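What you see below is based on every heavy atom in this structure, not just the backbone, and it leaves out hydrogens, waters and symmetry mates. Please read these numbers as outputs of a predicted model, since none were measured by experiment. Along the sequence shown, the residues carry numbers beginning at 1.
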Amino acid sequence: MSAHGHVDLGHTVAGWTGTTLALLGVTGAGLAVCAAWTPGVWLGLALVGAAGLVTWLLHLAGWGKPSGPRPVSEWDWRTRDAAARTGHAHCLGCRVTVASRERCSPFPGTRRP
């Protein structure tokens, strides 16, 4: 048994990628502050922003997870989320994207694939 008990912590490709990119960006910005290199601070902060965007795009591509617990069979971090195509009910990122798909649909009330 792990220190957290038998729970789904949500380790996903989107989560690991976003966390790694954000950590690199914050580290780079911190080093640039220590070196008094202003462009490096902005580059590091830009990487942190890119980490958020990359995480969101990976989530929409099915490499994230919906809110709440998942079945034990889907706990592996390499498991793709099949429900990501239609959007998760309580996910802000999915709601924004699915709403834009519905607005762009040639047939009102239907979603584009």
Side-chain angles (χ1 to χ4, degrees):
M1 175 172 288
S2 73
H4 301 288
H6 193 66
V7 296
D8 174 21
L9 295 176
H11 298 290
T12 63
V13 172
W16 283 109
T17 303
T19 301
T20 302
L21 289 174
L23 181 63
L24 290 172
V26 168
T27 302
L31 290 173
V33 166
C34 293
W37 185 48
T38 305
V41 174
W42 289 111
L43 289 172
L45 294 177
L47 185 56
V48 171
L53 181 64
V54 167
T55 303
W56 179 55
L57 292 174
L58 284 171
H59 173 77
L60 294 177
W63 289 109
K65 81 173 209 68
S67 298
R70 295 181 292 180
V72 176
S73 63
E74 296 179 11
W75 282 13
D76 185 44
W77 67 278
R78 296 166 297 210
T79 302
R80 285 192 80 166
D81 178 22
R85 248 182 104 71
T86 57
H88 303 114
H90 302 290
C91 175
L92 176 63
C94 288
R95 281 191 303 211
V96 170
T97 305
V98 172
S100 66
R101 285 184 201 160
E102 288 177 349
R103 282 194 304 270
C104 296
S105 174
F107 304 104
T110 61
R111 293 184 181 159
R112 291 173 63 176

*Do you know which two heavy atoms are closest between Gly18 and Ala51, and how far apart they sit?*
O-CB, 3.5 Å

*Looking at Thr17, Thr12, Val13, which one forms a side chain to side chain contact (heavy atoms under 4.5 Å, CB included) with Trp63?*
Val13

*asked:* Which residues pass the side chain to side chain contact (heavy atoms under 4.5 Å, CB included) test with Trp56, not counting sequence neighbours?
replied: Leu53, Leu60, Thr97

*Heavy-atom check, side chain of Leu58 versus side chain of Trp16, under 4.5 Å*: no

_Which atom of Ala14 lies closest to which atom of His59, heavy atoms considered_ = CB-N, 4.0 Å

*Give the cluster check for Leu43 versus Leu24: same hydrophobic cluster or not, with ILVMFWY residues linked at side-chain heavy-atom distances below 4.5 Å.*
no

*asked:* Between Leu23 and Val48, is there shared hydrophobic-cluster membership here, with clusters defined by ILVMFWY side-chain heavy atoms closer than 4.5 Å?
replied: no

*Same apolar cluster: Trp37 and Trp42, side chain cutoff 4.5 Å*: no

*asked:* So which atom in Ala32 and which in Gly40 form the shortest heavy-atom distance, rounded to 0.1 Å?
replied: CB-C, 3.4 Å

